[in-house]
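Encoded as structure tokens, the structure appears first; notes follow it.
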Protein chains: 2
Amino acid sequence: MAEIQPKRTRDAQATRRALLDAAASLFAERGFERATVRDIAARAGVNQALLFRYFGSKKALFGEVLARNGREQLETTAPEGLLEAALRGMLLSDDARRGDRSLDAFLRSTGGSDEVATAGRLLGDEYARVLATLSNQDDKGLRADLVLSWLLGIGLMRVVVGKEPLASADPDEICGLVLGAARTLLEGLAAPVPPSSS
Amino acid sequence: MAEIQPKRTRDAQATRRALLDAAASLFAERGFERATVRDIAARAGVNQALLFRYFGSKKALFGEVLARNGREQLETTAPEGLLEAALRGMLLSDDARRGDRSLDAFLRSTGGSDEVATAGRLLGDEYARVLATLSNQDDKGLRADLVLSWLLGIGLMRVVVGKEPLASADPDEICGLVLGAARTLLEGLAAPVPPSSS
DNA sequence: ACGCTATGTAAGCACGTGCTTACACTTGGA
DNA sequence: TCCAAGTGTAAGCACGTGCTTACATAGCGT
């Protein structure tokens, strides 16, 4: 009753969003190559031909997913807390994570084609640009890249490879060690939030 | 005469070695998925059916490549110099590099199947075990994993993604920044070798 | 009411992949 | 000399993939 919202059975916008959401989760779980367009369409509850109608190609869809999800984290976090926020987000990614999973998707897709690497580079550029504001050194760009590399390397080892003891380590402990060492490079980084005070 | 070197036209050992060498270079260049068995056999100058006769499957071949090449670096380098040696090796990988390229192969193959991730984990375990000897803290295993993660993250950003300014940065400068920060975690790490004295 | 466009659907094409099979040639021992 | 095992070769199978095409249907403007 009462369909104030048109509740249309045929809604291109809703279909696009469903495809984007399904693609985001599947790319994060399996990476670009192992997530097939059939799986994505199935999870979205949509015919797979529509994926190509609305996005043109699988690669273009991957680019949109990374761009959309990556921007969320960047827009909602202050520079000095970005590293810890992104790190903690990555450390929780095993469980159902509500937030951004574009870094997972990127990490699981490194073998992909050049377009995939390009999409990842764009995402990395945005992160690094923010991190670079935390240093006044001449080589702050390089310093930011090195810190970003660490973030991604930790994600790679922990969530993709499952290397122990890193994979089961306490996020607070990891944050303490990483942020302490990273402050050697970016003097403007915030100290880690103390574990469970209050 | 001289059965010591039979110089055989049909030599299973030589064929095996040719396949291993070709696979090592192609996996390093393209990663596991994008290096096809046809390409590997062609570079080895060998019929591709022999690849399956001698190694059973592409995955098994990947495992042998990673195991063989990884051990070389580990056996020829002292623990306190391992990080710098591996880092410098990775930083040179753009050019023709003589030494080990198993880390490249691993980095370009993260999206692959579980067996591929397992082969990478075995390699990572060996590196981390050596690095862990450089600390006396209780959490030295975690500290070693974090340093190893940084090494791989830098390789990912520099050689796979091509992120600037990291991709074009001077290896000496990178070593200085990384080793300085990493010594916060592993107190036994050697200081970076001074750039080009003598 | 009607027709045109937007949206959804089913089927399949073209291609590359890992892997297998059936066969030919070489080699070395008896 | 001769056969069996070892080694090399050509062809192709079976399958999954991204993507396309030809068609059905809904929904809005007129």
Side-chain angles (χ1 to χ4, degrees), chain A residues 3-20 22-23 26-27 29-65 105 108-109 111-116 119, chain B residues 1-20 22-23 26-27 29-65 105 108-109 111-116 119:
Chain A
E3 319 288 24
I4 301 301
Q5 293 292 40
K7 183 55 175 55
R8 318 200 291 186
T9 59
R10 312 185 126 195
D11 184 342
Q13 291 295 330
T15 305
R16 249 190 80 100
R17 248 179 287 119
L19 281 168
L20 270 175
L26 272 168
F27 284 145
E29 289 170 21
R30 307 185 197 168
F32 176 77
E33 313 249 351
R34 292 166 63 81
T36 73
V37 294
R38 284 168 176 81
D39 289 339
I40 294 169
R43 180 169 295 189
V46 152
N47 189 288
Q48 63 145 327
L50 298 179
L51 188 155
F52 296 95
R53 169 128 67 209
Y54 292 134
F55 297 95
S57 74
K58 188 189 179 188
K59 289 171 187 169
L61 173 61
F62 185 78
E64 286 211 33
V65 165
R108 294 195 135 99
S109 308
S113 55
D114 291 344
E115 289 96 327
V116 173
Chain B
M1 68 194 78
E3 302 197 320
I4 306 299
Q5 291 292 61
K7 179 57 175 58
R8 319 200 289 187
T9 59
R10 313 185 123 199
D11 185 341
Q13 293 294 330
T15 305
R16 250 190 79 101
R17 248 179 287 120
L19 281 168
L20 269 175
L26 272 169
F27 284 145
E29 290 170 20
R30 306 185 197 168
F32 176 77
E33 312 249 351
R34 292 166 62 82
T36 73
V37 294
R38 285 169 175 80
D39 290 338
I40 294 169
R43 181 169 295 188
V46 152
N47 189 287
Q48 64 145 328
L50 298 178
L51 187 155
F52 295 96
R53 177 172 301 171
Y54 292 135
F55 297 95
S57 73
K58 187 189 181 190
K59 289 171 186 170
L61 173 60
F62 185 78
E64 285 211 34
V65 166
R108 294 195 136 99
S109 308
S113 55
D114 292 343
E115 289 96 327
V116 173

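Per chain, numbering begins at 1; letters A, B, ... match sequence-line order.
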To the nearest Å, how far apart are [X] [atom1] and [N] [atom2]?
| X | N | atom1 | atom2 | value |
| --- | --- | --- | --- | --- |
| A:Lys59 | D:dG18 | NZ | C1' | 10 Å |
| B:Asp11 | C:dT26 | CG | P | 16 Å |
| B:Lys58 | D:dG16 | NZ | P | 17 Å |
| A:Leu61 | D:dT17 | CG | P | 16 Å |
| A:Leu19 | C:dT9 | CG | C1' | 14 Å |
| A:Phe32 | D:dG18 | CZ | C1' | 9 Å |
| B:Leu50 | D:dA10 | CG | P | 11 Å |
| B:Asp39 | C:dG16 | CG | C1' | 11 Å |

Out of [options], which has the shortest distance to the side chain of [X]?
| X | options | answer |
| --- | --- | --- |
| A:Arg53 | C:dT7, D:dG18, C:dG18 | C:dT7 |
| A:Arg10 | D:dG18, C:dT7, D:dG8 | C:dT7 |
| A:Thr36 | C:dG8, D:dT17, C:dA10 | D:dT17 |
| A:Gln48 | C:dG18, D:dC19, D:dG8 | D:dC19 |
| A:Phe52 | D:dG8, D:dT25, D:dG18 | D:dG18 |

Do any side-chain nitrogens or oxygens of B:Thr15 fall under 4.0 Å of OP1 or OP2 in D:dT7? no

Show the nearest heavy-atom pair for residues [X] and [Y], with the distance to one decimal.
| X | Y | answer |
| --- | --- | --- |
| A:Ser113 | A:Glu33 | N-OE2, 4.2 Å |
| A:Ala18 | A:Ala44 | O-CB, 3.5 Å |
| B:Ala41 | B:Asn47 | CB-C, 4.1 Å |
| B:Phe52 | B:Ser57 | CD2-CA, 4.1 Å |

In sequence, state the C-alpha distance, the side-chain angles, and the governing distance for B:Leu51 and B:Val46, and then conclude on side chain to side chain contact (heavy atoms under 4.5 Å, CB included). CA-CA 8 Å; B:Leu51 187 155; B:Val46 152; over 6 Å; no

Residue whose closest nucleotide on DNA chain D lies nearer the 5' end, B:Arg38 versus B:Asn47: B:Asn47

If you look at every strand shown and take non-hydrogen atoms under 4.0 Å, does B:Tyr54 touch a base, only sugar-phosphate, or nothing? sugar-phosphate

Contact class for B:Ala35 (heavy atom, under 4.0 Å): base, sugar-phosphate, or nothing? sugar-phosphate

